[in-house]
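Below is one structure; the comments refer to it alone.
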Amino acid sequence: MKLVILGGGGFRVPLVYGALLGDHAEGRVTEVVLHDLDAARLGAIARVLAEQADGVPDAPSVTATTDLDEALRGADFVFSAIRVGGLEGRAADERVALAEDVLGQETVGAGGIAYGLRTVPVAVDIARRVKELAPDAWVINFTNPAGLVTEAMSRHVGDRVIGICDSPVGLGRRVARVLGGNPDEAFIDYVGLNHLGWLRGLRIAGRDELPRLLADPELLGSFEEGRLFGTDWLRSLGAIPNEYLHYYYFNREAVRAYQEAEQTRGAFLRDQQDGFYAEMARATAPALKTWDDTRAEREATYMAENREASGAGERAEEDLESGGYEKVALALMRAIARDERATLILNVRNGTTLSALDADAVIEVPCSVDANGAHPLSVSPLPGHATGLVCAVKAVEREVLAAADSGSLATAVKAFALHPLVDSVTVARRLAEGYRGVHPGLAYLR
């Protein structure tokens with residue numbers, strides 16, 4: 001079975017390959033093709049993968065190419081993890097937004113809109129190439145903003161594109177551990193959009209244990225989200241929000257923390273990864289160790305500004321473990337390729353799942369997966385406050401898609417202006433012009 005990884009020179013690719021190395025069952029991935037526009041990065045990551053595979057019997061073969069069509073032909077699965085504009089683009093997204101006193105995070109607010117506007121046209125082109133060259137392939141999208149990009153691609157390949165994210169899985173595992181359950185056996189009642197969802201229940205042996213957690217302030221404050229949001233707010237909500245909702249619920253504090261930080265997250269990752277790839281240019285550099293040391297620092301500093309703003313302190317050791325999106329991707333491929341039913345939280349088209357949204361809106365919910373793809377499970381409606389936020393952000397996503405399709409600058413301004421975290425049409429206009437000025441990939445907006 002052939003897996004193509006788009007963005008194959010990206011830093012997190014070894015996580016995916018490491019998960020594949022542990023799969024020895026029939027119907028597994030036997031061939032991995034890395035595709036990237038940057039040949040030097042491809043070479044660096046290929047070296048890391050070679051060291052990972054050393055001594056592993058029947059490790060999937062790895063080839064690398066800068067030719068998209070060559071990579072896609074004959075693919076069974078296409079894993080998309082591209083970053084249009086690179087980390088310099090992410091850093092610019094943050095700078096332009098913070099100069100206007102609004103959030104520039106890569107998937108939330110102004111930064112997410114800018115990232116979406118330059119990513120959607122590229123993702124749509126990829127979807128069209130997949131449809132032509134590998135019409136039977138399944139596309140697993142991890143490219144951010146994941147929900148928005150998945151919806152854009154679904155307009156061309158339908159339900160054969162499925163979005164994944166590690167945030168809901170990580171949240172569910174943390175809550176299950178705190179409650180004394182086995183994270184692999186708990187059912188997570190989670191509903192929303194990508195990076196905009198709520199854990200409303202967690203069933204262990206058929207019993208919802210979330211009320212027990214919410215009733216115990218000490219237990220509730222003992223894990224990442226409890227420290228990040230505060231126990232009083234979580235009890236008021238009656239749910240555990242995805243960590244990215246901190247940008248909405250504590251927006252002023254988050255913006256101030258980003259403005260006061262020595263470096264934004266994007267700038268930190270840009271500099272860190274520049275160092276990694278520069279080190280990998282040395283033929284004698286220990287590839288796997290260099291990558292692993294860099295990854296550990298990356299994970300330890302995740303959402304550092306938010307934790308500082310909330311007084312949450314350093315990340316707990318148990319929150320640094322891997323086992324996120326790469327395991328979701330592997331479980332998804334297994335379920336489809338082997339027709340082994342699995343329940344996973346995924347980004348898929350809504351259908352009739354959430355009545356407040358139309359059938360084509362991509363949402364993030366538990367799904368049953370089999371050889372025919374991912375099927376969203378029935379869920380109870382979201383409360384009014386959550387429905388309002390979901391509908392507002394989905395409306396913004398639709399304006400981003402319309403702007404990417406039409407090339408209309410006025411529509412892009414509308415997307416910025418309608419976002420809950422942008423408080424002025426005047427600011428929206430400056431954001432749109434500012435982003436167009438720093439990103440060549442937005443020159444299409446007129």
Side-chain angles (χ1 to χ4, degrees), residues 164-246 248-250 299-300 302-303 306-307 310-328 330-332 335 341-347 353 363-369 376-383 385-386:
I164 65 171
C165 182
D166 45 3
S167 291
V169 177
L171 170 57
R173 294 183 71 86
R174 286 190 289 275
V175 172
R177 277 198 301 263
V178 167
L179 289 167
N182 183 341
D184 296 323
E185 297 175 358
F187 176 81
I188 306 165
D189 176 8
Y190 181 94
V191 182
L193 306 179
N194 181 242
H195 289 181
L196 189 76
W198 296 261
L199 188 153
R200 292 117 39 99
L202 190 131
R203 295 202 292 272
I204 299 173
R207 177 186 173 90
D208 184 7
E209 297 289 348
L210 185 61
R212 176 165 66 88
L213 177 62
L214 292 171
D216 187 334
E218 184 174 348
L219 201 61
L220 190 58
S222 67
F223 67 106
E224 177 99 340
E225 283 72 17
R227 294 188 292 269
L228 189 63
F229 291 98
T231 58
D232 289 344
W233 182 236
L234 296 186
R235 296 175 78 179
S236 294
L237 289 174
I240 312 297
N242 182 294
E243 58 201 347
Y244 282 83
L245 274 157
H246 190 267
Y248 291 87
Y249 294 145
F250 297 92
E299 296 300 326
Y302 181 64
M303 292 190 79
N306 299 71
R307 294 198 309 277
S310 64
E314 298 297 318
R315 293 189 80 190
E317 184 176 350
E318 61 268 21
D319 293 331
L320 299 178
E321 65 176 288
S322 63
Y325 82 95
E326 72 278 6
K327 290 191 176 181
V328 178
L330 180 59
L332 178 57
R341 190 173 296 273
T343 300
L344 302 168
I345 299 173
L346 301 167
N347 286 267
T353 307
I363 59 175
E364 191 167 72
V365 290
C367 297
S368 174
V369 188
L377 300 177
S378 296
V379 297
S380 57
L382 285 165
H385 68 87

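What's counted below: heavy atoms across the whole structure, side chains too, no hydrogens, waters or symmetry copies.
When side chains are defined from C-beta on, I345 counts as touching E364, because their heavy atoms get closer than 4.5 Å. In this structure the side chain of L237 reaches within 4.5 angstrom of the side chain of Y249, judged on heavy atoms. Within the 4.5 Å cutoff, no side-chain heavy atoms of T343 are placed close to those of V369. For the pair N242 and Y190, the minimum side-chain heavy-atom distance is below 4.5 Å.
Closest approach of G172 to L199, counting heavy atoms only: CA-CD1, 3.9 Å. Summarising the geometry of A215 relative to R235, their closest heavy-atom pair is O-NH2, 4.2 Å, with the distance given to 0.1 Å. Nearest approach of W233 to F250, heavy atoms of both residues: CD1-CE1, 4.4 Å. When every heavy atom of L234 is checked against every heavy atom of P241, the shortest pair comes out as CD2-CD, 3.2 Å. Minimum heavy-atom separation, I164 to Y325: CD1-O, 3.6 Å. Across all non-hydrogen atoms, the minimal contact from R227 to S222 is NH1-O, 3.0 Å.
Partners of S368 by side chain to side chain donor-acceptor pair (under 3.5 Å), not counting sequence neighbours, listed by chain and number: R341. Evaluation of the side chain to side chain donor-acceptor pair (under 3.5 Å) rule for S380 yields R200 as partners, not counting sequence neighbours. For L214, the side chain to side chain contact (heavy atoms under 4.5 Å, CB included) partners at least two apart in sequence or on another chain are L210, L220, I240. Residues meeting the side chain to side chain contact (heavy atoms under 4.5 Å, CB included) test with R207, sequence neighbours left out: E209. Under the side chain to side chain contact (heavy atoms under 4.5 Å, CB included) criterion, P183 pairs with R173, A176, R177, not counting sequence neighbours. Listed by chain and residue number, D208 satisfy the side chain to side chain contact (heavy atoms under 4.5 Å, CB included) test with P211 (two or more places apart in sequence, or in another chain).
L179 contributes atom CG, which lies 14.0 Å from atom CZ of R203 (distance to the nearest 0.5 angstrom). Distance CZ/R174 to CG/L202: 12.5 Å, rounded to 0.5 Å. In this structure, CD1 on I363 lies 11.0 Å from CG on L346, to the nearest 0.5 angstrom. The OG1 atom of T231 lies 11.5 Å from the CG atom of L219; values are rounded to the nearest 0.5 Å.
H195 and Y244 have parallel rings, their planes meeting at less than 30° on a 0 to 90° scale where 60° marks the start of perpendicular.
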